[in-house]
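Because the structure is predicted, anything quoted here is derived from the model rather than measured.
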Amino acid sequence: MTTNFIKHIKFTAAAFVCFLAVQSGFAQTSTPEKPGVVSYTYRKVFEKDPAAALDMIKANGFTDIEFSSLFGKTAAELKALIDARGIKCSSFGVSYEDLVNKTDEVAQNAKTLGASFVRVAGIPHKAAFTEEEAQKGIDNFNKVGKILKDKYSLALVYHNHGFEFEPFRNGTLFDFLVEQTDPEYVNFEMDILWTFFPGQDPVEILDKYASRFKLMHLKDLKKGVEGNLSGTTAPENSVTLGTGQINIPAVIKMAKTTGIVHYYLEDESDNVATQVPASLVYLSGLK
């Protein structure tokens, strides 16, 4: 074997390793051990001073964010603020109404922010979620998801909020949503609290629909709190990861075997100044 040939093999192998590294970087920019953050966590600060909120996010070491609002700024203004702090926006959360009625505007804002995903949380419903309401959401998601992907190269994900787990046929209306949406245009973001709260096991749901979940909200539910199908609970019931009812290590273990590419810490409490750092310490210590 000639020296030149050996050099060629080594160069090719090194190039392949670099290729894999680059591909990995594009595929996943946050992990359970080092998650991104949902802007909703710092909503009260964002509403007054987005720059200050982003300073807090940077101080906690976050480099990946899912925006849940523009907080009175333009997408370009927010992009400038995150760029100045070395933060990337991977997902842009919008209302159902804006998603359906302002699809192009939503897409343009997402692209300006640098997001790859457009996230919607919730489907309009009057009381207990019904098949008719679910079907309307399915039709809209399939239609809008196709526009987002084909026209803008964006991926649509639906964020569960608990009420979707109404019993239906041999399963739930969440099953109906997953089964009737086109996986080419519609996928999902699992909020583990809003999966556990209505009485479901996040591990089992992840296992059942492994390829459909692309994003995840990491949060925990206060011990002693009983869940239901309302999709609502008091903010103080959102507690530091590892101190609540959810088996976080089991969820993360399963999540790592599925198609999730972004993990976001979300804390809905008024105690984020202490709870967020504690949750990050907890995550960094998981094996």
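Ring geometry, Phe213 versus Phe174: the interplanar angle falls under 30°, so the pair is classed parallel (tilted spans 30 to 60°).
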**Report entry** Derivation of the side chain to side chain contact (heavy atoms under 4.5 Å, CB included) call for Leu265 and Val276
**Finding:** CA-CA 8 Å; Leu265 178 63; Val276 167; 3.9 Å; yes

Requested in this report: Quick one: do Leu99 and Phe141 satisfy side chain to side chain contact (heavy atoms under 4.5 Å, CB included)? Show the steps, please.
Outcome: CA-CA 9 Å; Leu99 179 75; Phe141 293 156; 3.9 Å; yes

Report task. Please step through salt bridge (Lys or Arg N to Asp or Glu O under 4.0 Å) for the pair Glu132 and Lys126, ending with a clear verdict. Result -> CA-CA 11 Å; Glu132 292 74 23; Lys126 295 180 180 179; over 6 Å; no

Report task. Might you work through the side chain to side chain contact (heavy atoms under 4.5 Å, CB included) test for Thr195 and Phe165, ending with a clear yes or no? Result -> CA-CA 8 Å; Thr195 304; Phe165 292 98; 4.2 Å; yes

Report task. Any chance you could lay out the side chain to side chain contact (heavy atoms under 4.5 Å, CB included) test for Val120 and Ser95, step after step, and finish with the verdict? Result -> CA-CA 6 Å; Val120 61; Ser95 69; over 6 Å; no

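Distance alone, capped at 3.5 Å, places no donor-acceptor pair between the Gln200 side chain and the Phe197 backbone. Remark: side-chain polar atoms of Ser30 are paired, donor with acceptor, to backbone N or O of Tyr263 under 3.5 angstrom. The backbone N or O of Leu241 lies less than 3.5 Å from a partner atom in the side chain of Ser279, making a donor-acceptor pair. Side-chain atoms of Thr172 do not come within 3.5 Å of backbone N or O of Phe168 as any donor-acceptor pair. Glu77 contributes a side-chain N or O that, together with a main-chain N or O of Thr74, makes up a donor-acceptor pair within less than 3.5 Å. Listed for the Asp207 side chain is no donor-acceptor partner under 3.5 Å among the backbone atoms of Val203.
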Sequence neighbours excluded and cut-off under 3.5 Å, please list the side-chain donor-acceptor pairs for residues 184-192, or say none.
from	atom 1	to	atom 2	distance (Å)
Asn187	OD1	Arg212	NE	2.9
Asn187	ND2	Pro183	O	3.0
Glu189	OE1	Arg119	NE	3.4
Glu189	OE1	His217	NE2	3.2
Glu189	OE2	His217	NE2	3.3
Asp191	OD1	Leu193	N	3.0
Asp191	OD1	Trp194	N	3.0
Asp191	OD2	His159	NE2	3.2
Asp191	OD2	His217	ND1	3.4
Asp191	OD2	Lys219	NZ	2.9

Would you be so kind as to tabulate the donor-acceptor pairs closer than 3.5 Å made by side chains of residues 109-117, with sequence neighbours excluded?
from	atom 1	to	atom 2	distance (Å)
Asn109	ND2	Glu105	O	3.4
Lys111	NZ	Tyr152	O	3.0
Thr112	OG1	Gln108	O	2.9

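Taking 4.5 Å as the limit, every side-chain heavy atom of Glu33 sits out of range of all side-chain heavy atoms of Ser284. You'll find the side chain of Ser211 stays beyond 4.5 Å of the side chain of Thr258, heavy atoms only. Between Leu81 and Leu78 there is a side-chain heavy-atom pair separated by less than 4.5 Å. Residues Lys214 and Ile260 fail the side-chain proximity criterion, which asks for heavy atoms closer than 4.5 Å. Side-chain contact between Ser269 and Val239 is absent, with no heavy atoms from C-beta onward closer than 4.5 Å. Counting heavy atoms from C-beta outward, Phe196 and Ile205 have side chains that stay 4.5 Å or more apart. Lys208 has its side chain out of reach of Leu206: every pair of non-hydrogen atoms, C-beta onward, lies at least 4.5 Å apart. With contacts defined as side-chain heavy-atom distances shorter than 4.5 Å, the pair Leu173/Phe163 does not qualify.
Note on residues 220-231: pairs passing side-chain hydrogen bond (donor to acceptor under 3.5 Å, both in side chains), not counting sequence neighbours, are Asn228-Ser230, Ser230-Thr232. Each side-chain hydrogen bond (donor to acceptor under 3.5 Å, both in side chains) pair with one or both residues in residues 137-150, not counting sequence neighbours, appears once here: Tyr96-Asn140, Gln135-Asp139, Lys146-Asp150. For residues 234-254, the pairs satisfying side-chain hydrogen bond (donor to acceptor under 3.5 Å, both in side chains) are Thr233-Asn237, with sequence neighbours left out.
For the pair Lys256 and Pro32, the tightest heavy-atom approach, listed with the atom from each and the gap, is CE-CG, 3.9 Å. Scanning both residues, Ala134 and Leu177, for their nearest heavy atoms gives O-CD2, 3.9 Å. Summarising the geometry of Ile248 relative to Gly242, their closest heavy-atom pair is CG1-N, 4.0 Å, with the distance given to 0.1 Å. Of all non-hydrogen atoms in Leu215 and Ser91, the two that sit nearest each other are CD1-OG, 3.7 Å. Residue Lys73 comes nearest to Pro50 through the heavy atom pair CE-CG, 3.9 Å, listed as atom of the first residue, atom of the second, then distance. The two residues Ile246 and Leu221 make their nearest non-hydrogen contact at CD1-N, 4.1 Å.
Between atom CD1 of residue Ile123 and atom CD of residue Glu164 there is a gap of 6.5 Å, rounded to the nearest 0.5 Å. Atom CE in Met56 sits 12.5 Å away from atom CZ in Arg85 (nearest 0.5 Å). Between Asp49 atom CG and Glu47 atom CD the span is 12.0 Å, to the nearest 0.5 Å. With rounding to the nearest 0.5 angstrom, the OG1 atom of Thr130 is 9.5 Å from the NE2 atom of His125. Interatomic distance, Asp104 CG to Asn101 CG, rounded to the nearest 0.5 Å: 12.0 Å. Once rounded to the nearest 0.5 Å, the distance linking CD1 of Ile82 with NZ of Lys88 reads 7.5 Å.
Annotation: cation-pi geometry not satisfied between Arg43 and Phe46 (NZ/CZ under 6.0 angstrom from ring centroid, within 45° of ring axis).
Here Lys79 pairs with Asp83 under the salt bridge (Lys or Arg N to Asp or Glu O under 4.0 Å) rule; sequence neighbours left out.
Considering Leu54, Ile57, Thr41 in turn, Ile57 is the only one that fulfils the side-chain contact (heavy atoms from CB on, under 4.5 Å) rule with Phe62.
Taken together through direct or relayed side-chain contacts under 4.5 Å among Ile, Leu, Val, Met, Phe, Trp and Tyr, Leu286 and Met216 form part of one hydrophobic cluster.
You'll find the ring centres of Phe67 and Phe92 outside the 6.0 Å limit.
Contact check on Asp64 versus Lys34 returns no salt bridge, with no Lys/Arg side-chain nitrogen under 4.0 Å from an Asp/Glu carboxylate oxygen.
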